[in-house]
Asks: 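First, the structure itself, so that you have it in front of you.
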Amino acid sequence: MPEGHTVHRLAAAFTESFAGQAVRTSSPQGRFPEAAAVDGWVMTCAEAVGKHLFLALAPAADVDPGEAPTRFVHVHLGLYGSWTFQALPGAEGVVLPHAIGAPRVRVGETEDPSSRAVDLIPRPTVRLRVQGRSALADLTGPTACELLDHAGRQRILDRLGPDPLRGDADPERFVHRVLRSRTMIGTQLMNQEVVAGIGNIYRAELLFRAMLDPTVPGRDLSAPLVHEMWEDLSALMAYGARTGRIVTTDPAHRHLHARIIERSRGTRQNSDGDAGVVPREESFYVYHRQTLPCRLCGTEVRSADMAGRTVFWCPRCQRVRSRRASFTREHPAAAWIGS
DNA sequence: CGGCTATGAGTAG
DNA sequence: TACTCCTAGCCGG
């Protein structure tokens with residue numbers, strides 16, 4: 001259940017663990033038979049674009065490159081997909097063990113060395129296993145796992161808006177796209193053609209920080225405001241990519257109304273469990289906080305279905321006419337998001 | 001055990 | 001808008 005920051009972390013993990021190596025690829029589950037076609041190829045690159053992951057594979061050195069050009073394993077985790085990394089036996093000191101994606105027991109938490117060998121037998125649901133010199137990665141539950149050539153990869157990129165986590169992103173594409181449509185801003189932010197990488201959490205939180213009613217038509221917004229939203233989102237997602245956790249609350253707001261015990265179901269994040277992390281119940285303004293008081297005004301946070309997904313918002317802070325345009329200027333993410 | 005839920009997205013109508 | 005697909009944890013009976 002990743003948003004874009006998670007996929008960028010995945011690309012980094014693949015680069016760290018497999019780049020430059022010949023890898024074994026297989027489909028224990030059998031539903032990705034194309035894995036056999038690139039088995040033993042060299043992973044030359046791992047790249048994230050929005051929520052899409054591309055693993056570039058080049059033929060082994062003893063194969064004529066002319067007849068076997070680079071292929072891309074394209075993975076989209078969807079709602080349930082997950083990658084689980086493991087260090088191979090004998091590869092002590094390899095730093096990578098974690099699961100990224102849907103909630104999973106973190107590999108490496110099992111102390112018993114004998115149980116590790118058991119892990120080497122893939123679970124029957126593993127769609128794709130990638131194995132390198134010192135690590136392996138198992139993929140389960142993806143919404144997409146396919147082998148593409150350059151053209152196939154390009155077709156996917158052509159349908160994606162700018163990705164705030166990529167240096168080559170053009171914010172103006174986002175701004176103009178939002179402004180030219182009557183579609184509600186809450187719907188537009190979930191459209192990957194408008195901006196690539198936002199999911200349901202960043203949508204809800206970005207709208208709160210912009211003090212925007214989710215139902216406002218995009219074309220009713222001002223260009224400077226939409227530009228501000230891009231800058232805000234870029235900082236928030238950079239924090240997410242660095243830490244593995246989505247945190248959108250200004251430190252000054254984290255404890256407001258916090259005496260209310262938040263027993264809403266856990267939103268499992270993908271951090272490495274570092275000390276000093278912002279607790280989940282302080283991380284969001286509105287996501288999964290329906291029926292709880294707004295951190296700023298105390299009004300009950302609401303939730304509703306919007307184009308098939310649940311949107312969360314504060315009906316007072318995010319009223320159309322009471323927008324405080326200066327919120328992200330008064331509480332810039334850059335102030336508490338280091339580097 | 002069954003039912004529900006979840007940070008997603010494509011397709012049909 | 002409604003249905004479809006994918007997986008696993010959790011909760012109630």
Side-chain angles (χ1 to χ4, degrees), chain A residues 1-10 27-32 48-53 74-84 99-107 109 122-129 138-146 148 152 155-161 163-165 183-184 186-208 214 233 236-237 239-241 243-248 263-271 278 280-281 283-290 303-312:
Chain A
M1 305 194 271
E3 303 199 19
H5 69 296
T6 298
V7 184
H8 281 261
R9 284 170 66 80
L10 273 169
S27 181
Q29 180 196 49
R31 294 188 48 186
F32 181 50
V49 187
K51 300 171 188 170
H52 298 261
L53 176 70
H74 167 234
V75 173
H76 192 300
L77 292 177
L79 262 182
Y80 324 112
S82 163
W83 282 100
T84 303
I100 304 182
R104 216 52 101 239
V105 173
R106 227 177 261 130
V107 177
E109 286 180 344
R123 287 162 293 155
T125 53
V126 171
R127 182 80 57 87
L128 167 64
R129 165 167 285 194
D138 283 338
L139 170 67
T140 58
T143 209
C145 177
E146 57 185 349
L148 300 176
R155 274 193 294 278
I156 291 181
L157 299 187
D158 289 345
R159 297 178 49 195
L160 293 176
D163 175 351
L165 288 176
T183 305
M184 297 180 285
T187 302
Q188 291 212 53
L189 292 179
M190 290 291 277
N191 181 350
Q192 302 299 300
E193 295 181 29
V194 175
V195 49
I198 292 187
N200 212 18
I201 298 181
Y202 280 123
R203 164 174 75 168
E205 296 297 305
L206 190 67
L207 287 170
F208 180 88
L233 176 64
L236 295 172
M237 291 187 73
Y239 178 93
T243 65
R245 297 174 55 88
I246 300 177
V247 176
T248 63
R263 73 290 181 214
S264 58
R265 71 190 85 69
T267 299
R268 193 80 75 99
Q269 302 231 24
N270 296 304
S271 71
V278 181
R280 181 203 354 117
E281 61 271 19
S283 294
F284 309 135
Y285 284 108
V286 290
Y287 179 77
H288 266 337
R289 295 191 76 247
Q290 74 276 196
S303 67
D305 187 273
M306 183 175 220
R309 305 297 299 281
T310 307
V311 68
F312 307 86

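The structure presented is a predicted model; accordingly, all values stated were derived computationally and were not measured. Chain letters run A, B, ... following the sequence lines, proteins first and then strands; every chain starts at 1.
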Asks: Could you pull out the closest heavy-atom pair between A:Arg203 and A:Val311, with the gap in Å?
Replies: NH2-CB, 3.6 Å
Asks: Within the 4.0 Å heavy-atom criterion, would you say A:Glu193 contacts the bases, only the backbone, or no part of the nucleic acid?
Replies: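 If one applies the 4.0 Å heavy-atom cut-off, A:Glu193 turns out to touch nothing in the nucleic acid.
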Asks: Please state how far atom CG in A:Leu79 lies from atom P in B:dC4, giving the value in whole angstrom units.
Replies: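 So the two atoms are 17 Å apart, to the nearest Å.
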Asks: Pick the P atom in C:dG13 and in B:dT5, then give their distance to the nearest Å.
Replies: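 Result for the P pair: 15 Å, nearest Å.
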Asks: I need the CG-C1' distance between A:Leu53 and B:dG8, as an integer number of Å.
Replies: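 Rounding to the nearest Å, CG of A:Leu53 and C1' of B:dG8 are 15 Å apart.
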Asks: Strictly below 4.0 Å: does A:Gln29 bring a side-chain N or O up to OP1 or OP2 of C:dC6?
Replies: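 So the side-chain polar atoms of A:Gln29 never come under 4.0 Å of the phosphate oxygens OP1 or OP2 of C:dC6.
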Asks: Mind calculating the distance between NE2 (A:His74) and C1' (C:dC6) to the nearest angstrom?
Replies: 15 Å
Asks: Looking only at non-hydrogen atoms, find the nearest pair between A:Ser27 and A:Phe32 and report the distance.
Replies: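 For A:Ser27 versus A:Phe32, the nearest heavy atoms are OG-N, 3.0 Å.
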Asks: Quick test of your reading: applying salt bridge (Lys or Arg N to Asp or Glu O under 4.0 Å), list the pairs with at least one residue in residues 189-201 of chain A, sequence neighbours left out, ordered by first then second residue.
Replies: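 Residue pairs passing salt bridge (Lys or Arg N to Asp or Glu O under 4.0 Å), neighbours aside: A:Arg177-A:Glu193.
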Asks: When you measure from the side-chain N and O atoms of A:Arg123 to the phosphate of C:dA8, is any distance below 4.0 Å, counting only OP1 and OP2?
Replies: yes
Asks: Using a cut-off of under 3.5 Å, enumerate the N/O to N/O pairs linking the protein to nucleotides 9-13 of chain B.
Replies:
| unit_1 | atom_1 | unit_2 | atom_2 | d |
| --- | --- | --- | --- | --- |
| B:dA9 | OP1 | A:His76 | NE2 | 3.1 |
| B:dA9 | OP2 | A:Lys51 | NZ | 3.1 |

Asks: Take atom CZ of A:Arg280 and atom C1' of B:dA6, then tell me their distance rounded to the nearest Å.
Replies: 14 Å
Asks: When the distance from CD1 of A:Ile246 to C1' of B:dA6 is rounded to whole Å, what number comes out?
Replies: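 To the nearest whole Å, that distance equals 13 Å.
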Asks: In terms of side-chain heavy atoms of A:Tyr287, which of C:dC5, C:dA8, B:dA6 is nearest?
Replies: B:dA6
Asks: Give a yes or no on whether the backbone of A:Tyr287 and the side-chain of A:Glu205 come within a donor-acceptor separation of less than 3.5 Å.
Replies: yes
Asks: Any donor-acceptor pair under 3.5 Å between the side chain of A:Tyr80 and the base of C:dA8?
Replies: no
Asks: Rounded to the nearest Å, what distance is computed from the CD1 atom of residue A:Ile201 to the C1' atom of nucleotide B:dT5?
Replies: 14 Å
Asks: Measure across A:Phe312 and A:Arg289 and return the closest heavy-atom pair with its distance rounded to 0.1 Å.
Replies: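 A:Phe312 and A:Arg289 have their closest heavy atoms at CD2-N, 4.5 Å.
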Asks: If every non-hydrogen atom of A:His8 is compared with every non-hydrogen atom of A:Asp163, which pair is closest and at what distance?
Replies: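 The pair with the smallest heavy-atom distance is NE2-OD2, 2.8 Å.
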Asks: From the list C:dA8, C:dC6, B:dG8, which nucleotide is the closest neighbour of the side chain of A:Thr125?
Replies: C:dA8
Asks: So, for A:Thr125 and A:Gln29, which heavy atoms are closest and what is the spacing to 0.1 Å?
Replies: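 Where A:Thr125 meets A:Gln29 most closely, the heavy atoms are O-NE2, 3.7 Å.
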Asks: Take the protein atom CD1 of A:Ile156 and the nucleotide atom P of B:dG8, then report the distance between them rounded to whole Å.
Replies: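 The distance from CD1 of A:Ile156 to P of B:dG8 comes to 17 Å, rounded to the nearest Å.
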